[in-house]
Number of protein chains: 2
Amino acid sequence: MTDANTALHADASRPSRREQILQAAAQLFAERGSRAVGVDDVGAAVGVTGPAIYRHFASKDAMLAEMLLRISERLLEGGTARVAAAGDDPMAQLRTLIAFQVDFALDNPALITVHDRDLGSLADEDAAQVRRLQRRYVEVWVDVLGRVHPASDAATSRARAHAVFGLVNSTPHSAGRLPRRRTAALLAAMAEAAATA
Amino acid sequence: MTDANTALHADASRPSRREQILQAAAQLFAERGSRAVGVDDVGAAVGVTGPAIYRHFASKDAMLAEMLLRISERLLEGGTARVAAAGDDPMAQLRTLIAFQVDFALDNPALITVHDRDLGSLADEDAAQVRRLQRRYVEVWVDVLGRVHPASDAATSRARAHAVFGLVNSTPHSAGRLPRRRTAALLAAMAEAAATA
DNA sequence: CCGGTGCGTGAACCCTCGTTAACATCCCGC
DNA sequence: GCGGGATGTTAACGAGGGTTCACGCACCGG
């Protein structure tokens, strides 16, 4: 409803009803969990009744699926693009990846929350698709971390990547208490220190 | 059922039915989310039918409440005890806190998951109680981090603490792929680097 | 005008699931 | 041996909530 999430609608100025619904749903899902949010709640958040949702989505699960797929795709695309644009230096690649993840986490704390909490309430097929995208994004990190730590094996790099994600994605817990710029700088510095430790 | 979670039962050798239920529930809640797990599922996991649960707990919510309260209490107690035993050196206190959190996260990945995912599906009173305990535990970290970074204000220390929690609590995502000792060492090193950055 | 298409509404349907009730069983102290 | 509490079982109730249905209405091309 506010400026919470920018990642879900392409046209931010006058989002279509469909995009309004997705964004409101993301917010509500993040606050209470997708299973605790009723279709009526989502409708009310955009000023319509519950069943009106079905003019735009096949089901409640379809909403969640589209939400998670978009997030995963955005992360994967953004991550690969940044790395490709960062040249050959592993440290430069790492820094740009961190900056990207920090920006995303600060822009979309709600999506971050939903992303790793409600994957389980997805139909098997959709869940598998999301996991494929997630895995590919993780692999982008694993590659870069592997070049930063040439002595480490892939499993170690993978654990490192997950740890950095956890660090950066702490934004939903600490958001708003500090000016955004400060938070971004702090998280980036901590993430780089952790990733290179 | 296996050796998954050691934090919930005092007598690990022959846990009472009540403790079996709590442990099985923690496992299931972590895998699927508390709302997606039925009372029948929990019962089946310990070899009884669903309604048998009500011989040991007043309600499904009471199970979740007790689970989260125990976790929060354990963390707060353990954290304060470790800090008190670590002497006056802030870095020594930080290191022992990190070691404690890493051990807990590796011993109880399921509890970690439930802890910060299902707080929202708790009755207001219980949720408030859990949050009080959480806050006090965070303050233990904030105090130590404040002494490690004398120039930082409390808000910054708090953000740092949450970031370190996120890093260490990534165990549910990366568990098992690496021998435990290696994971513990890696996480501790990363956490210390991040906390002192 | 006029019919169709898009978007919404309120009512009803029905399945899931937490909870309770009524009835067995085991076991232990007297 | 026997009464009673602890522990389970099956059957049933009832609320909540996702989904469908039948209908209204605005808008738009011909």
Side-chain angles (χ1 to χ4, degrees), chain A residues 1 9 11 14-68 114 117-127, chain B residues 1 9 11 14-68 114 117-127:
Chain A
M1 195 156 246
H9 49 276
D11 178 5
R14 206 173 53 79
S16 70
R17 178 53 45 96
R18 193 167 196 279
E19 298 302 323
Q20 289 179 40
I21 293 174
L22 265 184
Q23 186 169 339
Q27 196 65 40
L28 291 171
F29 287 2
E31 287 164 9
R32 301 182 229 160
S34 68
R35 286 197 112 97
V37 173
V39 133
D40 289 350
D41 299 326
V42 176
V46 298
V48 297
T49 59
I53 302 285
Y54 291 85
R55 297 293 174 191
H56 305 276
F57 296 93
S59 69
K60 189 188 167 191
D61 286 342
M63 285 182 39
L64 182 60
E66 181 162 341
M67 203 180 310
L68 295 183
V114 177
R117 183 177 61 190
D118 293 57
L119 220 187
S121 13
L122 225 55
D124 293 350
E125 200 171 347
D126 295 321
Chain B
M1 198 148 244
H9 49 277
D11 178 4
R14 205 172 52 80
S16 70
R17 176 54 45 99
R18 193 167 196 280
E19 298 302 324
Q20 290 179 39
I21 292 173
L22 265 185
Q23 186 170 339
Q27 195 66 40
L28 291 171
F29 287 2
E31 287 165 8
R32 300 182 230 161
S34 67
R35 287 194 106 100
V37 173
V39 132
D40 288 350
D41 300 325
V42 177
V46 298
V48 299
T49 59
I53 302 284
Y54 292 85
R55 297 294 172 190
H56 305 276
F57 295 93
S59 68
K60 187 188 166 190
D61 286 342
M63 286 183 39
L64 183 60
E66 181 162 342
M67 203 181 304
L68 295 183
V114 178
R117 184 177 60 188
D118 292 55
L119 220 189
S121 16
L122 224 56
D124 293 349
E125 201 170 346
D126 295 321

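Computed from a predicted structure; not experimentally measured. Throughout, protein chains are lettered first and strands after them, A, B, ... in sequence-line order, and every chain is numbered starting at 1.
- For the atom pair CG of A:Leu22 and CZ of A:Arg17, the computed distance is 12.5 Å after rounding to the nearest 0.5 Å.
- Rounded to an integer number of Å, the gap from CD of A:Glu19 to C1' of C:dC7 is 17 Å.
- Contact between the side-chain N/O atoms of B:Thr49 and the OP1/OP2 oxygens of D:dG8 is not found at any separation under 4.0 Å.
- Distance A:Lys60 NZ to C:dC15 P: 19 Å, rounded to the nearest Å.
- Between A:Arg17 and the phosphate of C:dG8, there is a side-chain N or O to OP1/OP2 separation shorter than 4.0 Å.
- Between A:His56 and C:dG6, a side-chain N or O to OP1/OP2 separation shorter than 4.0 Å is absent.
- Rounded to an integer number of Å, the gap from CG of B:Leu64 to P of C:dG18 is 12 Å.
- For A:Ile53 and D:dT19, the CD1 to C1' distance is 13 Å, given to the nearest whole Å.
- Here the shortest heavy-atom pairing between B:Pro51 and B:Asp40 reads CD-OD1, 4.2 Å.
- Ranking D:dT9, D:dG18, C:dG18 by closeness to the B:Tyr54 side chain, first place goes to C:dG18.
- Listed here is the closest heavy atom pair of A:Leu64 and A:Ser34: CD2-OG, 4.0 Å.
- Straight-line distance from the CD atom of B:Gln20 to the C1' atom of D:dG8: 14 Å, rounded to whole Å.
- Interatomic distance, A:Leu28 CG to A:Ile21 CD1, rounded to the nearest 0.5 Å: 12.0 Å.
- The side chain of B:Ala52 sits closest to D:dG8 out of D:dG8, C:dA11, D:dA22.
- Between A:Leu28 atom CG and D:dG17 atom P there is a gap of 13 Å when expressed in whole angstrom units.
- The residue A:Val37 sits close only to the backbone: its heavy atoms come under 4.0 Å of sugar-phosphate atoms, none of a base.
- One interatomic measurement links the two molecules: CZ of A:Phe57 to P of D:dG18, which rounds to 15 Å at whole-angstrom precision.
- Here D:dT7 is the nucleotide among D:dT7, C:dT19, C:dG10 with the atom lying nearest to any side-chain atom of B:Arg55.
- Nucleotide D:dG17 holds its P atom 13 Å from the CZ atom of A:Phe29, rounded to whole Å.
- In this structure, B:Arg117 CZ and B:Arg35 CZ are separated by 12.5 Å, a value rounded to the nearest 0.5 Å.
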